[in-house]
Amino acid sequence: MAQLDETFWVPGSKREMALAEWVLVLGFSAAAVLVHGQPGDTMTPTKSIADGQTLISSGGTFELGFFSPGDSKNRYLGIYYTPDKIVVWVANRISPLSGSTGVLNLTGDGTLEIVNSTGYIFWSTGTSNAINPVVQLLDSGNLVLIEGTSKTLLWQSFDHPTDTLLPGMKLARDFRTNLDTYLTSWKSSSDPSPGDYSYKINRNAATELFLWRGSDLIFRTGPWNGRGFNGNPQMSITNLFRFHLSSNKSEATYSFEVLDNSILSRLVSNETGALQRFVRSKPNLGWDLYWWHPKDPCDEYANCGANSICSTNYSAACACLKGFSPKSPQNWRIGDNTDGCVRRTALNCSSGDGFFGLQQAKLPDTSNATVHSSKSLEECKDWCLKNCSCSAYAISEGSGCMTWTGDLVDIRVFTEGGADLYVRLASSELGNVYFLRGEVKPLGKTISTPYNESRGNEPELPLFDIHTIRTATNNFSDDNKLGEGGFGPVYKGQLEDGENIAVKRLSKDSVQGIHEFTNEVLLIAKLQHRNLVRLLGCCIEGEERLLVYEYLQNTSWDCFIFDRTRSALLNWQKRLDIILGIARGLLYLHQDSRLKIIHRDLKASNILLDEELNPKISDFGTARIFKVDQIEENTIRIVGTYGYMSPEYAMDGIFSVKSDVFSFGVLVLEILSGKKNRMINQAKARLNLLGHAWRLWTEGRCLEILDEAVGCAYPESKVLRCIQVALLCVQEGSEDRPTMAEVVLMLGTESALLPQPQRPGFCIPTPLMARDWSSSNKITVTIEGR
Ligand SMILES: *[C@@H]1O[C@H](CO)[C@@H](O)[C@H](O)[C@H]1NC(C)=O
Ligand SMILES: *[C@@H]1O[C@H](CO)[C@@H](O)[C@H](O)[C@H]1NC(C)=O
């Protein structure tokens with residue numbers, strides 16, 4: 001009896017009831033009511049249901065009766081699950097009764113109606129002229145009104161859904177009459193009247209369902225793929241349910257069945273704008289939320305605007321489709337993606353456009369799509385190529401070949417499931433063979449100059465995809481973390497081929513757009529010098545910006561120099577070599593490369609050592625590229641590390657090559673002394689390393705600064721020269737400091753004459769300075785954590 005539902009009816013304007021079984025059911029139930037006088041599942045014109053009385057379906061699953069939802073005192077007639085009173089259908093949702101005088105009547109001519117004591121009709125099925133009508137609450141939750149003699153179905157609650165879809169119930173759209181059967185949310189948990197949200201079969205393309213808020217589309221399921229909807233990959237793999245979508249020229253219907261008999265399930269369009277699928281095992285252990293939509297920002301309709309891809313692996317991210325760029329780059333950069341993307345190169349239908357493929361996609365809005373059910377993938381492609389207004393095609397299993405015209409809206413990519421979408425591009429945009437897979441990335445693994453810029457002889461920089469990086473870094477695990485700087489953490493990783501990499505994950509608060517980022521990265525990629533860490537590539541995924549560097553065995557210099565055991569390996573000559581290496585690297589950045597680059601965050605932890613202890617400057621994510629004739633720049637946001645920043649930079653935000661020279665000077669003193677500038681503990685003198693060095697210098701005892709670990713074997717004159725150069729670098733006035741070219745000369749040539757250094761900037765103890773800085777809200781200082 002439980003399996004009796006409307007699949008037994010033959011569809012028609014008056015649906016016929018076909019089976020002898022029905023007679024048995026009716027006969028049995030009616031008999032039960034009459035014989036025992038208990039609440040049965042059936043009512044006839046001789047029996048009314050007053051407030052307080054109920055019908056219970058034969059299997060005991062559902063009950064029909066009056067109830068008051070939530071805080072409301074109003075009375076509604078509804079159908080609900082027996083044990084937990086969860087309402088699945090409401091008769092008089094827009095006309096509640098204010099007291100408990102309501103009665104459900106079945107008139108002799110077959111009209112089901114709710115009336116109060118004065119006879120006012122609150123709700124009615126409106127059918128009539130039946131002989132021997134009978135009403136029954138089926139165990140499917142369907143309330144049916146039958147003409148007893150002909151067994152004709154006159155009316156059923158399943159044709160009038162409220163906010164809940166039950167197994168066997170159908171959402172339907174009749175294209176001839178435009179009759180639409182859909183879910184409408186309640187207004188609130190205390191008010192079942194129709195709320196803002198409705199869930200309907202799409203009018204233009206019957207292969208998908210839309211969730212609306214008023215007249216705004218807020219979520220779409222994606223087209224039918226034969227097992228479920230393309231936009232919910234779980235539907236295609238679940239074995240709890242079977243979903244049905246049928247559509248032809250005149251009508252489309254959607255329904256589901258539960259395959260496991262011990263399970264109940266319902267789909268609800270809830271009052272806050274979500275579709276929720278619940279399941280419950282029949283022994284009532286409570287309802288579980290099985291899935292819901294919209295479940296993440298990419299589920300929200302057109303979250304990234306037109307012609308873009310939304311992807312949410314761990315943060316929502318919009319990216320233009322290949323061959324497209326942001327329509328409003330400025331808005332895009334600050335995270336407003338609503339304008340979407342536009343083609344970079346106009347299509348040229350006659351001269352051979354092509355397609356690039358996007359895998360694991362939620363296919364675009366089908367409202368402007370055409371279904372050609374019998375075409376193969378090849379035929380689909382040919383058709384699209386020939387029709388100049390065709391902008392994309394795909395094969396969706398349940399629907400066949402689909403083609404789109406115009407903008408492609410509401411595409412997302414999944415990590416599992418989804419379909420292949422082929423997007424039409426001008427042939428010039430198809431230089432590389434691209435196939436995007438579940439991510440916003442070309443498999444060709446390179447990027448060239450982004451967006452509209454000319455494509456000259458720019459080097460191509462490998463573009464890593466996020467999966468590769470995740471796998472390599474054990475999903476950015478803490479165990480792989482090498483350190484954390486002001487611009488985000490750095491992870492060690494190993495590529496599949498065994499190559500070790502260091503991955504710098506730029507923190508998300510940088511508003512740098514993809515455009516500037518790639519530009520900058522491409523520039524940095526051009527820098528090749530033995531004292532600079534090599535940038536291997538980058539990874540861009542929405543907000544995520546990752547820089548991939550070569551990994552250096554001995555990691556950062558600060559682990560070395562400030563470690564007693566390891567620093568013993570560093571004799572005088574080794575230290576001098578390191579100082580010279582850093583100086584050459586910096587000189588290259590400042591002047592020898594075609595660009596003029598200010599590092600801005602030179603410090604011990606940004607100096608990496610290779611196996612032979614050659615120093616390599618790392619971390620250009622913070623670098624600023626100067627125009628060659630530019631001398632200094634002013635910045636609101638100070639980046640850099642406390643202890644290494646020049647006074648004019650820390651105080652006034654002015655940076656120039658000379659602020660790097662200052663940091664270099666601090667670094668040299670640290671290398672010579674084996675101490676950190678901020679950590680020196682000269683309690684009496686209250687001086688930092690700079691102040692300490694200056695004092696030793698003025699007292700003529702400056703060799704005392706040398707790290708004991710250096711031992712005694714060192715040429716005094718060279719050490720003195722080195723200290724003097726360092727002190728010249730950290731002088732307060734930036735104009736007094738030498739350039740890196742002069743530094744290299746002074747360090748490398750015994751005969752070069754050195755000026756006398758002036759007092760360094762910042763030789764007072766650092767806590768004092770920190771206080772001064774924090775009182776100025778003009779600048780932010782990145783303080784290096786230890
Ligand atoms: C509607 O469903 C969403 C998603 O499950 C949920 O977060 C929200 O609380 C639900 N609203 C109500 C009123 O139940
Ligand atoms: C091209 O496709 C559009 C949309 O499917 C269709 O309306 C139009 O008739 C097609 N044109 C040709 C020449 O086939």
Side-chain angles (χ1 to χ4, degrees), residues 69-72 80-81 84-88 90 93 162-165 183-199 202-207 209 211-213 218-221 223 231-232 234-235 249 265-280 286-301 303 312 347-350 353 355 363-375 379-396 399-409 421-424:
D71 307 330
S72 173
Y80 40 87
Y81 289 96
D84 43 31
K85 305 276 185 269
I86 288 181
V87 177
V88 297
V90 185
R93 65 189 300 198
T162 53
D163 67 338
T164 302
L165 189 72
L183 301 183
T184 324
S185 68
W186 287 20
K187 264 221 169 72
S188 72
S189 55
S190 303
D191 182 359
S193 67
D196 290 339
Y197 301 95
S198 54
Y199 185 51
N202 180 15
R203 187 187 319 124
N204 301 322
T207 61
L209 270 64
L211 178 66
W212 300 87
R213 180 181 50 227
I218 59 170
F219 166 75
R220 47 178 207 99
T221 59
N232 179 0
Q234 285 172 283
M235 287 175 89
K249 281 213 159 55
S265 180
R266 61 197 164 96
L267 178 76
V268 180
S269 168
N270 85 9
E271 61 257 31
T272 50
L275 292 168
Q276 296 175 296
R277 175 168 293 281
F278 293 97
V279 294
R280 198 198 93 186
W287 290 94
D288 291 319
L289 187 56
Y290 195 68
W291 64 53
W292 73 97
H293 290 292
K295 70 172 182 296
D296 59 41
C298 288
D299 257 1
E300 289 161 23
Y301 181 72
N303 190 29
T312 55
L347 294 175
N348 186 340
C349 200
S350 55
D353 295 329
F355 295 95
L363 298 176
D365 188 341
T366 56
S367 296
N368 60 356
T370 311
V371 178
H372 318 255
S373 34
S374 59
K375 283 192 169 59
E379 293 165 340
C380 196
K381 177 183 179 180
D382 286 349
W383 188 94
C384 191
L385 258 188
K386 285 191 190 115
N387 187 322
C388 296
S389 59
C390 176
S391 53
Y393 71 93
I395 295 283
S396 186
S399 313
C401 161
M402 306 185 79
T403 58
W404 282 262
T405 57
D407 283 339
L408 303 170
V409 181
L421 174 72
Y422 299 87
V423 178
R424 186 187 205 117

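Whatever order the structure lists ligands and atoms in, that order sets their numbers, starting from 1. Remember, it's a predicted structure, so these values are computed and weren't measured experimentally.
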Check: [X] side chain, [Y] main-chain N or O, donor-acceptor pair, under 3.5 Å:
X	Y	result
Asp353	Asn348	yes
Arg424	Cys390	yes
Thr207	Pro223	no
Asn387	Trp383	no
Trp404	Asp365	yes
Ser193	Arg93	no

From Leu165 CG over to Ser269 OG, what is the distance, rounded to the nearest 0.5 angstrom?
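Output value for this atom pair is 10.5 Å.
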Does ligand 2 have an atom under 4.0 Å from some heavy atom of Thr403?
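Contact check Thr403 vs ligand 2: negative.
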Can a non-hydrogen atom of Ser389 be found less than 4.0 Å from any atom of ligand 2?
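True for this residue.
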Quick check on contacts: which atoms of ligand 2 are under 4.0 angstrom from a heavy atom of Thr405?
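Near Thr405, the atoms of ligand 2 are 4 (C).
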Show which atoms of ligand 2 fall inside a sub-4.0 Å distance from at least one heavy-atom site of Thr370.
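Counting from 1, the qualifying ligand atoms are 5 (O).
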Give the protein residues with at least one non-hydrogen atom closer than 4.0 Å to an atom of ligand 1, ordered by chain and number.
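Answer by chain and number: Asn270, Glu271, Thr272, Ala274, Gln276, Leu289, Trp292.
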Parallel, tilted or perpendicular: which one describes the rings of Tyr393 and Phe355, with boundaries at 30° and 60°?
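Tyr393 and Phe355: perpendicular rings.
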Counting only heavy atoms, which portion of Trp383 has something under 4.0 Å from ligand 2: side chain, backbone, both, or neither?
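It is the side chain that touches ligand 2; the backbone stays farther off.
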